[in-house]
Amino acid sequence: MSKPSVLITGAAGFIGMHACSKFHSAGYAVEAIDNFDPYYSNELKRARCKYLKDRHEILVEDFDVNEINSLSGVRFHKKFDLVLHLAAQPGVRFSLEKPQAYIRSNVSGFLEILEYCRKFSNFNLMYASSSSVYGENPNPRFSENDKTDFPISLYAATKKANELMAYTYSHLFELRSIGLRFFTVYGPWGRPDMAVFKFTKAINENRPIDLYGEGKLWRDFTFVDDIVSGILSLAKNFNKIAELPYPINPDNSKHSFFNIGNHQPRQVIELVAAIEKSLGKKAIINFREMQQGDVHVTSADTQALRSVSDFAPNTSLEDGVEKFVSWYLKEGFHY
């Protein structure tokens, strides 16, 4: 029996690298692409690719999803059992500076993926959305049934647009798709612009860190291994999920979306304390006002995900930070 096949975009990215590893270990034939955007260190991205090559013999091809329907993308014009679309322009704050990059990557690029899946046998599609679509949600737990009509950053707006576009393609062309609303992912091989990485680097180098909202903002920190386990669990149950009625599939379409989070939010000041403990150093803290685009709380209701899969995050913030710091001291300080 042949292996199930998956095309993973954004494979040199943080979640993308871990997803490639997890799907390969689960018995999938993995084909991987990334455009190596210079938003952050390509040296780190190449190191992730080396890890995938050395550990799993996975080669990440330098390719932009905006070209996937062109003649240069013809080698990908074949049937996969699943397309896992993780390529995107990340970062809430950077979207204030370079909005065009978000439209090109997160909207135009996503449209190319939808067209790609429509043209070639209605591939099953899973794609990265974000907890940022909830905006300033007044509910203590963010549920998939909550309204997401008021994004407060352009990044969030592009992710909301992805969900609407996927729904439309499911309605018009019966494209089967699942949106993945990730909550504050962290862990080894993480991005240098993310809080865990920035704080660890600064504290280790005895430099001050900026804490916005006095460090009292709440985040549903989710360890990357738990995130990719949730993705794989949904992939294994994809056929069943696509046929479930409302509320899993709104309007009885073949499009659904799920929160993937730890469902145990913690204050950012607690994250700093965990890093201090793992490093054995105290942080020098500058307390700052909240920044544009930030929200006070993110908190995942994962009941829907648990109802259709075996998702069960089991990494505490303290254990996850310890694993990140261990990786950072061994290798991450280079970036």
Side-chain angles (χ1 to χ4, degrees), residues 6-16 19 31-40 42 45 60-78 80 82-133 135 148-182 191 193 231 253-255 257 293:
V6 58
L7 172 65
I8 299 180
T9 72
F14 172 36
I15 300 176
E31 195 153 342
I33 61 175
D34 197 289
N35 74 342
F36 295 91
D37 182 87
Y39 168 64
Y40 65 89
N42 261 310
K45 294 179 182 180
V60 180
E61 183 171 353
D62 190 342
F63 193 84
D64 192 325
V65 297
N66 280 283
E67 302 298 322
I68 200 163
N69 293 299
S70 67
L71 288 176
S72 61
V74 71
R75 60 195 177 281
F76 302 113
H77 296 179
K78 58 185 179 181
F80 291 92
L82 175 68
V83 174
L84 176 57
H85 179 52
L86 300 174
Q89 176 63 57
V92 169
R93 290 164 189 163
F94 188 64
S95 67
L96 296 171
E97 303 172 24
K98 298 290 184 181
Q100 295 85 354
Y102 289 78
I103 299 304
R104 182 182 186 279
S105 180
N106 298 7
V107 179
S108 298
F110 189 67
L111 176 61
E112 292 299 323
I113 288 293
L114 289 173
E115 280 291 289
Y116 174 63
C117 291
R118 180 177 73 86
K119 290 175 180 176
F120 300 101
S121 304
N122 283 339
F123 294 159
N124 296 330
L125 171 65
M126 297 175 70
Y127 64 93
S129 184
S130 169
S131 62
S132 65
V133 300
T148 55
D149 298 331
F150 304 102
I152 62 172
S153 70
L154 182 64
Y155 170 74
T158 64
K159 290 302 181 180
K160 172 66 174 179
N162 289 171
E163 294 183 354
L164 293 172
M165 293 162 72
Y167 170 81
T168 301
Y169 269 65
S170 294
H171 178 75
L172 294 176
F173 308 116
E174 297 190 351
L175 175 68
R176 306 200 305 176
S177 59
I178 294 176
L180 309 166
R181 291 178 175 174
F182 298 136
R191 300 199 323 261
D193 65 314
I231 297 172
S253 70
K254 296 183 181 298
H255 170 250
F257 39 79

*Asks:* Look only at the side chain of K45 and the backbone of D37, and say whether a donor-acceptor pair between them is shorter than 3.5 Å.
*Replies:*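 Here the side-chain-to-backbone pair exists.
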*Asks:* First locate atom CG of L175, then atom OH of Y167, and finally report the distance between them rounded to the nearest 0.5 Å.
*Replies:*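 Spacing of CG (L175) from OH (Y167) equals 13.0 Å.
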*Asks:* Looking at K159 and N106, would you say the former's side chain and the latter's main chain have a donor-acceptor pair under 3.5 Å?
*Replies:*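 Not at all, since once roles are kept as given, no pair shorter than 3.5 Å links the two residues.
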*Asks:* Starting at CG of L84, measure out to CG of L7 and round the result to the nearest 0.5 Å.
*Replies:*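 With rounding to 0.5 Å, CG (L84) is 8.5 Å from CG (L7).
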*Asks:* Can you confirm whether or not the ring centre of F76 sits under 6.0 Å from the ring centre of F63?
*Replies:*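 Yes; F63 has its ring centre under 6.0 Å from that of F76.
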*Asks:* Side-chain contact, heavy-atom cut-off 4.5 Å: K98 with Y39?
*Replies:*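 They are not in contact (no side-chain heavy atoms under 4.5 Å apart), so the answer is no.
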*Asks:* Can you tell me how far apart CZ (F14) and CZ (R191) are? Round to the nearest 0.5 Å.
*Replies:*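 Here the rounded value is 8.5 Å.
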*Asks:* Is there side-chain contact between T158 and F110, with heavy atoms separated by less than 4.5 Å?
*Replies:*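 Of all side-chain heavy-atom pairs linking F110 with T158, none is under 4.5 Å.
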*Asks:* Can you list everything that forms a side-chain hydrogen bond (donor to acceptor under 3.5 Å, both in side chains) with K78? Sequence neighbours excluded, please.
*Replies:*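 Checked K78 against side-chain hydrogen bond (donor to acceptor under 3.5 Å, both in side chains); matches are E31.
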*Asks:* Going by atom types only, do D64 and N66 share a side-chain donor-acceptor pair under 3.5 Å?
*Replies:*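 A pair is found: one side chain offers a donor N or O, the other an acceptor, under 3.5 Å apart.
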*Asks:* Give, for atom CG of N124 and atom CD1 of I178, the distance between the pair rounded to the nearest 0.5 Å.
*Replies:*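 One finds 8.0 Å between CG of N124 and CD1 of I178.
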*Asks:* Please report the closest heavy-atom contact between A11 and I8, naming both atoms and the distance.
*Replies:*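 What the structure gives for the nearest pair is CB-O, 3.8 Å.
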*Asks:* On the six-membered ring of F257, is R181 placed so that its NZ or CZ lies under 6.0 angstrom from the centre and within 45° of the ring axis?
*Replies:*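 Ring-cation test returns yes.
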*Asks:* Between L111 and Y169, is the side chain to side chain contact (heavy atoms under 4.5 Å, CB included) condition met? List the steps.
*Replies:* CA-CA 10 Å; L111 176 61; Y169 269 65; 3.5 Å; yes
*Asks:* Ignoring hydrogens, what is the shortest heavy-atom contact between L86 and A128? Give both atom names and the distance.
*Replies:*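 The pair with the smallest heavy-atom distance is CD2-CB, 3.9 Å.
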*Asks:* Enter the distance from L82:CG to L125:CG here, rounded to the nearest 0.5 Å.
*Replies:*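 Result: 7.5 Å between the selected atoms.
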*Asks:* What residues form a ring pair (Phe, Tyr, Trp, His ring centres under 6.0 Å) with H77, not counting sequence neighbours?
*Replies:*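 Once residues adjacent in sequence are excluded, the partners of H77 under the ring pair (Phe, Tyr, Trp, His ring centres under 6.0 Å) criterion are F120.
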*Asks:* Minimum heavy-atom separation for E163 to S129, with atom names?
*Replies:*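 Between these two residues, the closest heavy atoms are OE2-OG, 2.7 Å.
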*Asks:* How close do S153 and V92 get, heavy atom to heavy atom, and via which atoms?
*Replies:*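 Answer, listing the atom of S153 first, then V92: CB-CG1, 3.7 Å.
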*Asks:* Determine, step by step, whether T9 and Y116 satisfy the side chain to side chain contact (heavy atoms under 4.5 Å, CB included) criterion, reporting the C-alpha distance in whole Å, the side-chain angles of both residues, the deciding distance to 0.1 Å, and the verdict.
*Replies:* CA-CA 13 Å; T9 72; Y116 174 63; over 6 Å; no
*Asks:* Would I68 and V83 count as a side chain to side chain contact (heavy atoms under 4.5 Å, CB included) here? Give the steps.
*Replies:* CA-CA 12 Å; I68 200 163; V83 174; over 6 Å; no
*Asks:* Okay, side chain of S131, backbone of F182: is any donor-acceptor separation there less than 3.5 Å?
*Replies:*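 Between the backbone of F182 and the side chain of S131 there is a qualifying donor-acceptor contact (under 3.5 Å).
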*Asks:* Please evaluate residues V65 and E112 with respect to the criterion side chain to side chain contact (heavy atoms under 4.5 Å, CB included), reporting the C-alpha separation (whole Å), side-chain torsions for both, the decisive distance (0.1 Å), and the verdict.
*Replies:* CA-CA 7 Å; V65 297; E112 292 299 323; 5.5 Å; no
*Asks:* Take atom CG in L71; do more than 12 heavy atoms of anything else shown fall under 6.0 Å from it?
*Replies:*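 At most 12 heavy atoms, drawn from other residues, nucleotides or ligands, come within 6.0 Å of this atom.
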*Asks:* Give the minimum heavy-atom separation between P99 and L154, together with the two atoms involved.
*Replies:*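 Smallest heavy-atom distance, with atoms named: CB-CD2, 3.3 Å.
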*Asks:* With salt bridge (charged side-chain N to carboxylate O under 4.0 Å, His left out) as the rule and sequence neighbours excluded, what pairs involving residues 113-130 come up?
*Replies:*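 For residues 113-130, and leaving out neighbouring residues, the salt bridge (charged side-chain N to carboxylate O under 4.0 Å, His left out) pairs sorted by first residue read E115-R118.
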*Asks:* What is the minimum heavy-atom distance between A88 and P90, and which atoms define it?
*Replies:*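 Smallest interatomic distance, heavy atoms only, reads O-CD, 3.2 Å.
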*Asks:* Are any of the side-chain heavy atoms of T168 and H255 separated by less than 4.5 Å?
*Replies:*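 T168 does not reach H255 side chain to side chain.
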*Asks:* For the residue pair Y155 and Y102, categorise the inter-ring angle as parallel (less than 30°), tilted (30 to 60°) or perpendicular (more than 60°).
*Replies:*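 Perpendicular.
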